[in-house]
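Being a predicted model, the structure only gives us computed values, none of them experimental. Along the sequence shown, residues are numbered consecutively beginning with 1. Both ligands and their constituent atoms are indexed starting at 1 by order of listing.
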Amino acid sequence: MSTREVILGVGGGIAAYKSCDLLRRLQDQGFGVTVIPTPASLNFVGSATWEALSGRPVTTSVWEKVDEVRHVSLGSSSDFIVVAPGTADLIARIAHGRADDLLTNTILASSAPKLIVPAMHPAMWSNPATVANVQILRDRGFFVMEPDHGRLTGKDVGVGRFPETSRILAEFNSIANPVHDLIGRKVLVTAGGTREPLDPIRFIGNRSSGKQGYALARAAARRGADVTLILANSELPDPSGVSCIRVSTAQEMFEKVDQAFDGCDLLVMSAAVADAKPLHVSQSKIKKGALTSIELAANPDIVSTVSSRKKNQVVIAFAAETSLDIEEGKRKLLSKSADILFLNDVAGSEIFGSDQNQGVILISDKAQSVQEINVDRTDKDTLADLLLDQALHRLG
Ligand code: CTP
C-alpha cells in the first residue's frame, strides 16, 4: 500500500458535517480515507456525501458486502482510526467493547492508533458516565481530545464543541508522525503519592493520583526514551512500553531513585512524597485510646539528595501549592538544584485526580535567574510534552 490509510468513523452528532472538511484535509495530506458512519449519523450526513467526497463505497453494517468481511479487512488494513465526532453513545459503546455496527466492529478488529474527537452537550461531556468511559479509553491507549469551549447547537455555551479542524489535524499528525526526539535517552519518572504506615491499617498519605507523572512517562516513551516509572500507590495500570516499579513509602521510592539516578539523563520528580513518617510503626492496630499523637521522623528529600550529585542530568521537580506563589516556586527550584519546576495551584483540589492541569513552568539558568512560562488549563498529556520539550532543550 503506497498511501497511508485512515478510517474516519463518524458518530451521530450535528458536528458530522464538520467532518467533511476533516476528510478533505486528510486527503490533502496524502492519506487514503475510508468513511464508516454510524447508522444514526446518516440523519446528519448521508452516505452519498461520504462516497462522493471519499471516492470509496460507504457501508454502516456488517450485513452489507458480507463476502468482503469489511470490519476485518478495513480494521487490519488501516494505519489510523479517527472517530469524529465521537458522541457520548459512541464513546460508551467503544469503551465497553460493543460491536453493534460496522464502525465498532472495525475498531475492535484493528490495532491501529485511534484518535477520538468528542462533541456533545457540556452536561453530557461532564457526566460521570462519560468521564469514566473516556478514562477507560485513555487507559487503553486511545487518544481522546478535549472538546472546545464555546457555543453549542442550542443556546448553551460550555465545553463540548467539536474542535477546529486545524486542532484535530495537529493532534492527528502528532500521532501519525510521532516525534522520536528522546531516542537513546534514559528517563526516570516518579509518580503517585507515598504512604507512610502507622500500623497495619492506617497510613499518612496524600491525594496525588499519579496521572501527571503517568502522562510524562507515556509521553517520554512515545518520544522514544527508555523510561522507568517509579509509581507509588496508584490505581493506574502499568503503562505500555515503560518499565514500571511499584513502591509505597518515601524510603522505598528514595532507594529506587537513588539506584537509577546516576544512569539516567532526565529525572522527573512528579511524585507527592511525604515529608515525614511515623517514628514508630506498630505491628498491631493502635487502639483509639492510644491514638492521641503521632511522633514523626523526617523522610529524605529525594530530589535534593540526588540533584546535589548530578552531572549532566536534567531534573524536573514539581511544587503543589495552595496559592500560586512564584517566589516560593523559585526558591524550591533553586534550593532543590532542579533545572525545571512546575508550580501548580492545587487550591480547591480541582487538580488532584483530574485530567487537566495549570500553573507555571519555572526554568533556572546558570546565572541563577529564572524564566517563567504560564500554562493555561490544559490536559496533562499536553503539559507532559511541554515539560519534555523544555527538558530536551536543556539536555541539548
Ligand atoms: N520531594 C522529594 N522528596 C521529599 C519531598 C518532596 O523529592 N521528601 C520532591 C517532590 O517530588 C517535588 C518537589 O520535591 O518534585 C517539591 O515537593 P513539595 O512537596 O512541593 O516541596 P517540599 O520540599 O516538601 O516543601 P513543602 O512541603 O514545605 O512545601
Side-chain angles (χ1 to χ4, degrees), residues 187-197 203-217 220 227-234 245-262 264 266-279 296-310 313-347 349 351-352 357-364 370 375 380 383-384 386-388 390-391 394:
V187 176
L188 183 61
V189 182
T190 67
T194 65
R195 288 181 185 174
E196 311 303 321
F203 58 80
I204 298 175
N206 59 70
R207 298 185 59 196
S208 173
S209 65
K211 284 185 178 175
Q212 184 60 70
Y214 197 81
L216 274 147
V227 184
T228 301
L229 172 65
I230 301 174
L231 191 55
N233 308 301
S234 173
I245 301 170
R246 303 254 172 188
V247 296
S248 188
T249 64
Q251 182 61 31
E252 286 165 14
M253 180 171 279
F254 172 65
E255 284 163 20
K256 298 293 178 198
V257 174
D258 195 44
Q259 278 164 20
F261 181 73
D262 294 337
C264 80
L266 169 64
L267 167 66
V268 184
M269 204 55 215
S270 59
V273 185
D275 292 315
K277 62 182 175 190
L279 184 60
L296 297 174
N299 272 324
D301 188 316
I302 305 174
V303 71
S304 299
T305 310
V306 298
S307 286
S308 65
R309 64 169 199 261
K310 73 179 176 191
Q313 289 96 338
V314 169
V315 173
I316 304 182
F318 280 71
E321 304 288 342
T322 42
S323 67
L324 210 56
D325 183 345
I326 304 275
E327 290 315 310
E328 172 62 0
K330 289 181 181 172
R331 187 197 64 74
K332 274 190 191 171
L333 171 72
L334 301 175
S335 71
K336 289 179 185 264
S337 309
D339 301 279
I340 299 166
L341 182 136
F342 184 69
L343 175 66
N344 61 2
D345 182 357
V346 294
S349 323
I351 301 298
F352 293 119
N357 212 337
Q358 66 186 14
V360 183
I361 302 176
L362 301 174
I363 304 164
S364 76
V370 177
V375 181
K380 289 183 173 174
L383 176 62
L386 282 175
L387 288 167
L388 291 175
Q390 292 302 330
R394 182 56 73 94

Pick one: which of Leu343, Val375, Ile316, Leu341 meets side chain to side chain contact (heavy atoms under 4.5 Å, CB included) with Ile361?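 Exactly one candidate clears the test, Val375.
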
Can you list every pair where an N/O of ligand 1 is under 3.5 Å from an N/O on the protein?
residue, atom, partner, partner atom, Å
ligand 1, 3 (N), Ile302, N, 3.0
ligand 1, 7 (O), Ile302, N, 3.3
ligand 1, 7 (O), Val303, N, 2.8
ligand 1, 8 (N), Pro300, O, 3.0
ligand 1, 11 (O), Met269, O, 3.3
ligand 1, 11 (O), Ala271, O, 2.7
ligand 1, 14 (O), Lys336, NZ, 3.1
ligand 1, 15 (O), Met269, O, 2.7
ligand 1, 15 (O), Phe318, N, 2.9
ligand 1, 15 (O), Phe318, O, 3.3
ligand 1, 20 (O), Lys332, NZ, 2.7
ligand 1, 21 (O), Lys332, NZ, 3.2
ligand 1, 23 (O), Lys336, NZ, 2.6
ligand 1, 24 (O), Asp275, OD1, 2.8
ligand 1, 24 (O), Asp275, OD2, 3.0
ligand 1, 27 (O), Asp275, OD2, 3.1
ligand 1, 29 (O), Lys332, NZ, 2.7

For the residue pair Gln259 / Glu255, report whether a side-chain donor-acceptor contact shorter than 3.5 Å exists.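 Checked: Glu255/Gln259 side chains show no N/O donor-acceptor pair below 3.5 Å.
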
Using the side chain to side chain donor-acceptor pair (under 3.5 Å) criterion, which residues pair with Lys330? Sequence neighbours excluded.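 With neighbours one apart ignored, the set is Glu372.
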
I want to check something: taking the side chain as every heavy atom from C-beta on, are Arg394 and Ser364 in contact at a cut-off of under 4.5 Å?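 Counting from C-beta outward, Arg394 and Ser364 do come under 4.5 Å.
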
Can you find a heavy atom in the side chain of Thr190 that is under 4.5 Å from one in the side chain of Val273?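 The answer is no; the side chains never approach within 4.5 Å.
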
Polar side-chain atom of Gln313 near backbone of Leu267 as donor-acceptor pair, under 3.5 Å: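 No: the side chain of Gln313 does not pair with the backbone of Leu267.
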
